[in-house]
Every structure is written in structure tokens, then in C-alpha cells.
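All remarks here apply to the structure that follows.
Numbering of residues begins at 1 and proceeds along the displayed sequence.
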Amino acid sequence: MEEIIVKNSGYIRLKQFTDQREGSLTVAESDRDIPFAIKRTYYIIQKNASEVSRGNHAHKETVQVIFCLSGSFILNLDDGENSQKIMMNESHVGVILGKELWHSMESISSGCIMLVYASDYFDEKDYLRNYNEFLEYITHKKND
């Protein structure tokens, strides 16, 4: 697994238990495995393979962790200085989407299921939905 070079990110590896029943059990505990109290959980199901891009935003304060439970997708991360692409295809390995981190998902496979844990409830004022505004926000924060 490649090192994550962008700011406000990192890997989360959940405990995964397999047994003779040919399945696995994966555990995610708030404030233990997930580095914050979980206030919101949501999932995205991609029915057909698509070149559509999802995400395409950053948060001012909210921190999230994203997992790929089934299928695969490419996670694009951008902190305003560095960017990188991460292949997401292991159900027990998540990536932290920290505050002030632009992210998008692309090359989403058919049947892909993404799961996201968030540190706060939905608040539209927390979103940066325009990339240029995101860059301005980051520059302004650095200069404060």
C-alpha cells in the first residue's frame, strides 16, 4: 500500500476476522478504530460501472473515513499543494478524509459500495464545493 502524502489523511485498518464459514467480520468502533465520535454514517451504491465522478468537495471542519466494501474505485485527494490517487478495493482499509482536503471518487466499478463515517452531522456551510474557492480558502487559512 502506497504512503499517503497529502495533509490531513492516512489509512485506517480495521480488525477483520475470517473463519471456516468462508466469510469475514470487520469491526469499526467509534473513538477507537475510527479516530472520532461518529455522528453520521452513509453509503453509496454504484449499480453500473461509471465514469461519473463523485465527491468533488472538501470540508472546512468535518473529518470522514471512507471504505470500499465491495468493488473498487479510485480516490483522488488534494490538500492544495499535493495530490494523489489511491485505489480503494479492500473492505477493511479506509482512508481519512480530513478537514480541508479536496476529494473525489472516480472509475467506480459496477456493484461498488462505499461506506463513510463522519465526525459531524450534515451542514451545507461546512462544504467547499468549488475547487478554486477551496484553494482560496486554504491560502487564506495559511496566511492567518
Once side-chain hydrogen bond (donor to acceptor under 3.5 Å, both in side chains) is applied, do any residues pair with [X], and if so which ones, sequence neighbours excluded?
X   : value
Y11 : none
K15 : D33
S53 : N56
S9  : none

Those residues that, when tested against [X], pass side chain to side chain contact (heavy atoms under 4.5 Å, CB included) (two or more places apart):
X    : value
L128 : A58, K60, F134, Y137
T41  : I38, L115, Y117
Q84  : E2, I4, I5, V6, I86
D19  : R21

Other members of the hydrophobic cluster containing F17, with the 4.5 Å side-chain heavy-atom rule, please.
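Direct or chained contacts put F17 with L25, V27.
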Tell me every residue that passes ring-ring contact (aromatic ring centres under 6.0 Å, His included) with H59, counting only those two or more places apart in sequence or in another chain.
H57, Y127
Side-chain donor-acceptor pairs of residues 69-76 under 3.5 Å, sequence neighbours excluded:
residue: N76; atom: OD1; partner: K85; partner atom: NZ; Å: 2.9
residue: N76; atom: ND2; partner: S104; partner atom: OG; Å: 3.2
residue: N76; atom: ND2; partner: E106; partner atom: OE1; Å: 3.2

Applied to residues 21-46, the ring-ring contact (aromatic ring centres under 6.0 Å, His included) test, sequence neighbours excluded, yields none
Using 4.0 Å as the upper bound for N to carboxylate O, is an ion pair formed by K7 and E81?
yes
